[in-house]
2 protein chains.
Amino acid sequence: MLKLTKKVDYALLALNLMARNEEGGISNVRDIAALYSIPPEILAKVMQKLSKSGLIQSHNAPKGGYSLKVPAEEISVLKVLVAVEGPVGIVSCSDGTDRTCQQRDQCDIRSPLERLQNNILWFLEALSIRELGQEPAVLKGVTDGSSLFGQPLHHKG
Amino acid sequence: MLKLTKKVDYALLALNLMARNEEGGISNVRDIAALYSIPPEILAKVMQKLSKSGLIQSHNAPKGGYSLKVPAEEISVLKVLVAVEGPVGIVSCSDGTDRTCQQRDQCDIRSPLERLQNNILWFLEALSIRELGQEPAVLKGVTDGSSLFGQPLHHKG
DNA sequence: GTAATGACAGACCAAAATGGTCTGCGATAA
DNA sequence: TTATCGCAGACCATTTTGGTCTGTCATTAC
């Protein structure tokens, strides 16, 4: 629950690798799969989805493979997530998936949960695969919650 | 993927209701289930977990039911989530669930992902079931990402 | 005391999501 | 023209999830 799928993990690993190889560097499925011990067939499917969504460019030929189509800075974790798994919604009633929610009429907590969801999506969008491969120091103040907020809010400990 | 389960939804609805009824107000499973069209047996299990985790108090008797054991302000969404579904981890390798991760040795994105996870957990901890039932206005500046941060960071649009 | 109420407990099942396999086709450059 | 590598989709096993069913135990109103 509230967990990234293996496919997303695989996509992030592959993209991170390609981000380090760029620019224009080509990696093929077999090599990446071998490096990370990923079943090649699975990674192949994942890469195809990334390709269809326009994040990477395929080179269908011997010595071919994939290369980044846009700069690593512009590929957010959220984009990867959506490309691989479709629309994200922590509450099923808010992403169009569940049209038959039995609680919808009586639901009195949807609004704050959607707000919570927006925050999570915002973080996913703010983190690029470029930053994925960088040392914590670079990220400091961006994704480290404890230093991100000026005031303690209502955080209960 | 990255979605709250129905059980968590049910728990939040029930707790939100009880938070409005307090203090010491008692609600029973049958009534709550009827109000929100939740299968009573399911809600019963959920309530038992909330009870075991110490968030609510059971009153096993006719005219009995459950009441909040601690103030609504002190019950975070994260606590509810953990009580109902166990430890949370958006990356399976970081919550002790997956001890056989094939990518662990070669994984070069774990650190930033764990950071991302911490941010999400932080938000879940910062949102209490008291706030769940309040109007958006009260939450403004707390969970609304767009107004929460002073600077735009690297947010790509 | 006893019967009705409501929590407690756990086996059990069906559907969906997930992770993975297999097979074959299509494009292209060596 | 053939080996390489992407493209496509059917297929299957496992796990997770949501839900049902059956029964027991505690309490209190009568």
Side-chain angles (χ1 to χ4, degrees), chain A residues 1-11 13-14 18 26-34 36-53 56-67 69 81 84-90 92 95 97-98 100-103, chain B residues 1-11 13-14 18 26-34 36-53 56-67 69 81 84-90 92 95 97-98 100-103:
Chain A
M1 199 248 333
L2 214 63
K3 192 169 290 187
L4 298 180
T5 64
K6 286 277 187 187
K7 289 179 188 175
V8 171
D9 284 348
Y10 298 159
L13 282 169
M18 295 169 73
I26 294 184
S27 314
N28 70 61
V29 166
R30 199 167 44 89
D31 290 349
I32 305 178
Y36 292 116
S37 306
I38 301 172
E41 300 90 345
I42 294 251
L43 183 61
K45 285 184 187 306
V46 169
M47 299 297 273
Q48 284 165 33
K49 287 190 176 181
L50 294 176
S51 173
K52 277 188 179 175
S53 67
I56 62 179
Q57 173 73 52
S58 80
H59 305 274
N60 193 355
K63 300 276 175 188
Y66 293 96
S67 58
K69 198 170 183 180
L81 224 133
V84 174
E85 300 286 353
V88 184
I90 67 164
S92 49
D95 68 346
T97 301
D98 190 353
T100 61
C101 177
Q102 296 294 309
Q103 286 76 44
Chain B
M1 200 246 334
L2 215 63
K3 192 169 288 186
L4 298 180
T5 63
K6 286 278 186 186
K7 289 180 186 174
V8 171
D9 283 349
Y10 297 159
L13 282 168
M18 296 170 74
I26 294 183
S27 314
N28 70 60
V29 166
R30 198 168 43 88
D31 290 349
I32 304 178
Y36 292 115
S37 307
I38 302 172
E41 301 90 344
I42 294 250
L43 183 60
K45 286 184 187 306
V46 169
M47 298 298 272
Q48 285 165 32
K49 287 190 176 180
L50 293 177
S51 174
K52 277 187 178 175
S53 68
I56 62 179
Q57 174 72 52
S58 80
H59 305 273
N60 193 353
K63 300 278 173 184
Y66 293 97
S67 58
K69 199 170 182 179
L81 223 133
V84 175
E85 301 284 355
V88 184
I90 68 165
S92 49
D95 67 347
T97 300
D98 190 353
T100 60
C101 176
Q102 297 295 310
Q103 287 77 42

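Quantities reported herein were computed from a predicted structural model and do not represent experimental measurements. Reminder, nothing fancy here: chain letters follow the sequence lines and each chain counts from 1.
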Would you say A/S58 reaches D/dC7's phosphate, i.e. side-chain N/O to OP1/OP2 under 4.0 Å? yes
Letter per nucleotide, 5' to 3', of nucleotides 18-24 of chain C [B base touched, S only sugar-phosphate touched, - untouched; heavy atoms, 4.0 Å]: SSBB---
Can you list the residues that meet the side chain to side chain donor-acceptor pair (under 3.5 Å) rule with A/Y36, with sequence neighbours excluded? B/D108
Nearest whole Å is fine: how far is C/dA7 C1' from B/M18 CE? 13 Å
Over how many whole Å does the gap from B/D9 atom CG to D/dG19 atom C1' extend? 15 Å
Please enumerate all protein N or O atoms sitting under 3.5 Å from an N or O of nucleotides 23-30 of chain D, with distances to 0.1 Å.
{"residue": "D/dT27", "atom": "O4'", "partner": "B/N60", "partner atom": "O", "Å": "3.1"}

Does A/R30 place a side-chain N or O at less than 4.0 Å from the phosphate oxygens OP1/OP2 of D/dC5? yes
Taking all non-hydrogen atoms of both residues into account, name the closest pair between A/L81 and A/V88 and its distance. CD2-CG2, 3.1 Å
Give me the atom names and distance for the closest heavy-atom approach of B/S67 to B/H59. OG-NE2, 2.9 Å
A/D31 CG to D/dC5 P, straight-line distance once rounded to whole Å: 7 Å
A/I26 CD1 to D/dT4 P, straight-line distance once rounded to whole Å: 17 Å
Heavy-atom pair with the smallest gap, counting every atom of A/L2 and A/I90: CD1-CG2, 4.2 Å
Using atom CD1 of A/I56 as one end and atom C1' of D/dC5 as the other, report the distance to the nearest whole Å. 13 Å
side-chain contact (heavy atoms from CB on, under 4.5 Å) against B/P39, all qualifying residues, sequence neighbours excluded: B/Y10, B/E41, B/I42
If you look at every strand shown and take non-hydrogen atoms under 4.0 Å, does B/K49 touch a base, only sugar-phosphate, or nothing? nothing
Report the residues that fulfil side chain to side chain donor-acceptor pair (under 3.5 Å) with A/Q48, sequence neighbours left out, ordered by chain and then residue number. none
Using a 3.5 Å cut-off and no angle test, enumerate the donor-acceptor pairs between side-chain atoms of residues 26-33 of chain A and protein atoms at least two apart in sequence or in another chain.
{"residue": "A/S27", "atom": "OG", "partner": "A/N21", "partner atom": "ND2", "Å": "3.3"}
{"residue": "A/N28", "atom": "OD1", "partner": "A/R30", "partner atom": "N", "Å": "3.0"}
{"residue": "A/N28", "atom": "OD1", "partner": "A/D31", "partner atom": "N", "Å": "2.9"}
{"residue": "A/N28", "atom": "ND2", "partner": "A/D31", "partner atom": "OD2", "Å": "3.2"}

Roughly how many Å is it from CG in B/L43 to P in C/dC8, rounded to a whole number? 12 Å
Where A/A14 and A/M47 come nearest, the two heavy atoms and their spacing: CB-SD, 3.9 Å
Rounded distance in Å - CD (A/Q102) to P (D/dG18): 14 Å
Identify, with sequence neighbours excluded, every residue that meets side-chain contact (heavy atoms from CB on, under 4.5 Å) alongside B/S58. B/S51, B/Y66
